[in-house]
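Note sheet for the following structure.
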Amino acid sequence: MTAHDLSERMAAICARAPVIPVLVIEDARDAAPLARALVAGGLPVIEVTLRTPAALQAIRAMAGVEGAVVGAGTLLGGADVAAAQAAGAMFGVSPGATDGLLDAGIAAGMPLLCGTATPSEAMRLLERGFGVAKFFPAVANGGPGVLKAWAGPLPQMRFCPTGGIGAANAGDWLALPNVMCVGGSWVAPRQAVAAGDWDGITRLAREAAALRRD
Ligand code: 3PG
């Protein structure tokens, strides 16, 4: 599969919902009920960051939840791609992009959402055949005005901004023509997960799923 094909698959995943919940899971037993809560609220695309010992087990558990499209985040290289794929991840997210990561994703046939913070990084991904990227860290890098400016010279590149986005500002990003969806942790607050407040998380997911992409 070519990078372009994988990029189209990533775009199709990004088109499924306006928000990708970004999860840091401490206890793999929370994974399945959390995924069910998010899917019930209308957010089927879920990123589990590989930042905790429980992450791969959580991906395994979530991959079995009906309707969930589970990806692995914080992929830093080829070994992470292999581990994520073995756990059942259907896509991968990274804070950046290295040749090693891109090559591993292409070899594994895993759609990737790689991080960009400058036009040169976006151009490099385009050169490699990737037309969809994460914009990270979105708010700290300057906010929606940056991607609005990039849409002029780089109209073919589409983004999933992530980092510092919440219910109050997600709409500003989603209004941009080059934004497909946003990522964020706000829909699954750690306290709510620890308390097993799945109904509360479904409510947050429902609000996020109702955000418009104009
Ligand atoms: C992260 O780094 O964990 C993601 O970018 C999510 O960021 P957020 O917690 O600001 O939504």
Side-chain angles (χ1 to χ4, degrees), residues 10 13-14 16-28 30-31 34-35 37-38 41-56 58-59 62 69-77 80 84 89 91-98 101 111-118 121-122 125 132-147 158-176 178-195 197 200-211 213:
M10 193 65 239
I13 291 170
C14 287
R16 294 281 298 271
V19 178
I20 299 179
V22 179
L23 309 177
V24 180
I25 297 184
E26 305 290 347
D27 186 340
D30 293 332
L34 176 52
L38 292 166
L43 298 183
V45 182
I46 299 168
E47 174 190 340
V48 178
T49 57
L50 298 189
R51 294 184 209 168
T52 59
L56 289 171
I59 290 170
M62 287 185 163
V69 179
V70 184
T74 327
L75 300 185
L76 301 182
D80 290 336
F91 66 97
V93 185
S94 175
T98 64
L101 180 70
L112 292 178
L113 192 58
C114 290
T116 54
T118 66
E121 289 163 6
L125 282 179
V132 187
K134 174 168 151 172
F135 177 58
F136 177 80
V139 171
N141 273 340
V146 176
L147 286 189
R158 290 171 293 172
F159 296 93
C160 173
T162 304
I165 299 180
N169 61 356
D172 298 341
W173 293 95
L174 290 164
L176 298 175
N178 53 352
V179 168
M180 297 202 73
C181 59
V182 302
S185 59
W186 86 93
V187 285
R190 279 181 194 232
Q191 311 87 297
V193 174
D197 182 10
I201 288 173
T202 294
R203 274 194 298 278
L204 287 172
R206 200 169 284 133
E207 285 168 20
L211 289 165
R213 279 173 291 196

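Whatever order the structure lists them in is the order used to number ligands and atoms, beginning at 1.
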Please tabulate, line by line, the atom pairs linking an N/O of ligand 1 to a protein N/O at a distance below 3.5 Å, with the distance in Å to 0.1, or answer 'none'.
residue, atom, partner, partner atom, Å
ligand 1, 2 (O), R51, NH2, 3.3
ligand 1, 3 (O), R51, NH1, 3.2
ligand 1, 3 (O), R51, NH2, 3.1
ligand 1, 9 (O), S185, OG, 2.6
ligand 1, 10 (O), G164, N, 2.7
ligand 1, 11 (O), S185, N, 2.9
ligand 1, 11 (O), S185, OG, 3.3

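Taking D197 as the reference, nothing meets the salt bridge (Lys or Arg N to Asp or Glu O under 4.0 Å) condition, with sequence neighbours excluded. By the ring-ring contact (aromatic ring centres under 6.0 Å, His included) test, F135 is found to be paired with W150, residues two or more places apart in sequence or in another chain being considered. Here E121 pairs with nothing under the salt bridge (Lys or Arg N to Asp or Glu O under 4.0 Å) rule; sequence neighbours left out.
Between the side chain of N178 and the backbone N or O of L147 there is at least one donor-acceptor pair closer than 3.5 Å. In this structure, N141 contributes its side chain and A138 its backbone to no donor-acceptor pair below 3.5 Å.
You'll find the side chain of F91 reaches within 4.5 Å of the side chain of V45, heavy atoms only.
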